[in-house]
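As the structure lists them, so they are numbered: ligands from 1, and atoms in each ligand from 1.
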Amino acid sequence: RASWPGVVEAYRDRIALPADARVVTLHEGDTPLVPAQHLSELTGCQVLLKVEGANPTGSFKDRGMTAAISAALATGSKAVICASTGNTSASAAAYAARGGLTSAVLVPRGKIALGKLAQAVAHGARILQVDGNFDDCLELARKTAAEHPVTLVNSVNPARLEGQKTAAFEVCDALGRAPDVHCLPVGNAGNITAYWRGYREYAADGVVPATPRMVGFQAAGAAPLVHGRPVAEPETIATAIRIGSPASWGGAVAARDESGGLFDAVTDEQILAAYRLLAGREGVFVEPASAASVAGLLVTAADGRLPAGSLVVCTVTGHGLKDPDTALLGMPEVEPLPVDPTAVATALELA
Ligand code: F0G
């Protein structure tokens with residue numbers, strides 16, 4: 001194919017956007033669906049990773065942001081605002097810059113990974129660090145957008161989910177069917193809602209014969225959907241999903257119930273183990289939140305909730321470079337080496 005045009009142009013007839021909207025794109029989407037050999041052996045399933053860190057700003061948010069920024073421009077908006085645990089703000093800042101809009105981002109102070117903050121800075125966003133969590137930031141962003149001429153580009157903006165559902169289309173297009181099971185990390189719950197919409201639309205139009213079971217994993221300290229009630233003070237090392245009151249609560253519950261899926265919680269230890277396994281055994285470096293889907297896959301395969309032989313897609317939502325601090329946790333101090341081949345051989349225990 002000559003050149004992938006980005007998700008809006010690739011699926012133009014399936015995305016609700018004004019027909020004459022100028023599309024602001026970084027040619028997001030068309031991300032790899034990578035067979036995970038080690039995970040397949042461990043689980044007895046056929047496991048594939050939808051590697052969303054391969055998007056232009058390093059997360060799945062770009063799929064929704066191309067649509068949201070294009071829609072904002074079409075309505076004459078000059079400025080956008082969002083609350084974020086980091087990835088939405090990075091994506092909003094990039095697409096706003098490309099579309100000639102200004103952007104403002106509200107982030108929980110001290111709780112956003114370094115790479116994401118760097119992206120918002122690089123793209124020229126107005127960055128407001130709030131003394132509160134993501135849920136507080138979202139409330140502030142909603143109020144600001146309701147009272148001032150700025151467009152809210154969180155996933156409560158309908159264009160966002162329209163763009164994000166294209167990931168389900170891509171999975172089906174690659175496999176020629178839907179998987180049996182789709183595993184996702186869940187925070188604000190927009191993504192699981194969007195995937196379910198995409199799978200349902202393809203099935204309704206006969207593009208695929210069936211829909212997958214939607215399986216969502218939250219961090220144990222931030223698992224409102226698992227407990228069935230909001231969490232006042234969410235806490236997890238996976239800062240991207242440190243959310244206590246998901247905006248798309250209803251969409252996530254519908255995805256689970258209509259698909260015969262499930263929600264479960266995974267501990268930070270399980271998330272970190274999956275994070276290291278993905279990087280160390282599969283060669284796929286993701287951020288901690290992304291590893292929640294794989295941590296959950298391992299648990300549900302081990303206890304039989306996920307039948308052996310299933311075709312399973314796990315979305316790994318963001319790139320590992322987003323969060324260098326977590327990658328470097330526990331790295332030992334090492335002595336510098338002299339410029340000496342013998343020293344290298346000795347250090348590597350080859351001599
Ligand atoms: N994984 C990553 C890397 C994320 O950044 C997010 C959400 C999720 C998973 C969860 O997706 O919210 O659709 O259920 N990040 C948002 C943000 C909240 O502000 O970047 P969700």
remark   = Numbered in order shown, the ligand 1 atoms found under 4.0 Å of a heavy atom of Ile241 are 8 (C), 9 (C), 10 (C)
message = For atom 20 (O) of ligand 1, what's the nearest protein heavy-atom neighbour? Residue, atom name and distance, please.
response = Thr88 N, 2.8 Å
ask   = Any ion pair linking Lys61 and Glu52 (charged N to carboxylate O, less than 4.0 Å)?
value = no
inquiry  = Show the atoms of ligand 1 that are less than 4.0 angstrom away from any heavy atom in Glu287.
reply    = 3 (C)
task = Please indicate whether Glu139 has more than 12 foreign heavy atoms, meaning atoms of other residues, nucleotides or ligands, lying under 6.0 Å from its CD.
result = no
task = Could you tell me whether Leu184 approaches ligand 1 through its side chain, its backbone, both or neither, with non-hydrogen atoms closer than 4.0 Å?
result = neither
key: Close aromatic pair by centroid cut-off 6.0 Å: Tyr95 and His123   = no
request  = Looking only at distances, please establish whether an N/O atom of ligand 1 is found under 3.5 Å from an N/O atom of Gly187.
outcome  = yes
ask   = In Å, rounded to the nearest 0.5 Å, how long is the span from OG1 of Thr193 to CD of Gln164?
value = 9.5 Å
ask   = Among protein heavy atoms, which lies nearest atom 2 (C) of ligand 1, and at what distance?
value = Thr317 OG1, 3.3 Å
query = How many angstroms lie between CD1 in Ile192 and CG in Leu161, if you round to the nearest 0.5 Å?
reply = 12.0 Å
request  = For atom 12 (O) of ligand 1, find the nearest protein heavy atom and state the residue, atom name and distance (0.1 Å precision).
outcome  = Asn188 N, 2.7 Å
ask   = Who's closest to atom 19 (O) of ligand 1 heavy-atom-wise, of Ala252, Ser84, Ala113?
value = Ser84
ask   = What do we get for Ala240 next to ligand 1 when only non-hydrogen atoms under 4.0 Å count, side chain, backbone, both or neither?
value = both
request  = Closest by any non-hydrogen atom to atom 14 (O) of ligand 1: pick that one out of Ala189, Cys82, Gly58.
outcome  = Ala189
query = If you count the atoms of ligand 1 from 1 in the order shown, which ones are under 4.0 Å from a heavy atom of Ile243?
reply = 18 (C)
inquiry  = Which of the numbered atoms in ligand 1 are under 4.0 angstrom from any heavy atom belonging to Val186?
reply    = 14 (O)
Output field: ring centroids Phe169/Tyr202 closer than 6.0 Å = yes
query = Between Phe217 and Leu184, is a side-chain contact (heavy atoms from CB on, under 4.5 Å) present by the stated rule, with each step listed?
reply = CA-CA 6 Å; Phe217 296 104; Leu184 287 159; over 6 Å; no
ask   = Nearest protein heavy-atom contact for atom 13 (O) of ligand 1: which residue, which atom, what distance?
value = Asn191 N, 2.8 Å
message = Students should be able to answer this: which protein heavy-atom is nearest to atom 11 (O) of ligand 1, and at what distance?
response = Phe60 CZ, 3.5 Å
request  = Measure Lys61 to ligand 1 on non-hydrogen atoms and call it side chain, backbone, both or neither using the 4.0 Å cut-off.
outcome  = side chain
request  = Check the surroundings of atom CZ in Arg305: do more than 12 heavy atoms from other residues, nucleotides or ligands lie under 6.0 Å from it?
outcome  = yes
ask   = Which of the atoms of ligand 1 are close to Gly190, meaning less than 4.0 Å from one of its heavy atoms?
value = 13 (O), 14 (O), 21 (P)
message = Under the side-chain hydrogen bond (donor to acceptor under 3.5 Å, both in side chains) test against Ser91, which residue among Asn55, Asp62, Thr66 passes?
response = Asp62
request  = Identify, for atom 5 (O) of ligand 1, the protein heavy atom at the shortest distance, and state residue, atom and that distance.
outcome  = Asn87 ND2, 2.8 Å
task = Check whether NZ of the Lys or CZ of the Arg Arg242 lies under 6.0 Å from the centre of the six-membered ring of Phe134 and within 45 degrees of that ring's axis.
result = no
query = With a 4.0 Å heavy-atom cut-off (strictly under), which part of Ile192 contacts ligand 1: side chain, backbone, both or neither?
reply = neither
Chi angles and distances behind the side-chain contact (heavy atoms from CB on, under 4.5 Å) call for Trp196, Arg256 = CA-CA 9 Å; Trp196 181 235; Arg256 177 196 61 190; over 6 Å; no
request  = Considering the heavy atoms of Thr85, write down every atom of ligand 1 situated less than 4.0 Å from one of them.
outcome  = 15 (N), 16 (C), 17 (C), 18 (C), 19 (O), 20 (O)
key: Atom pair CD1/CG of Ile15 and Asp13 - distance to nearest 0.5 Å   = 8.5 Å
task = Check whether any N or O atom of Phe134, backbone or side chain, sits under 3.5 Å from an N or O atom of ligand 1, and answer yes or no.
result = no
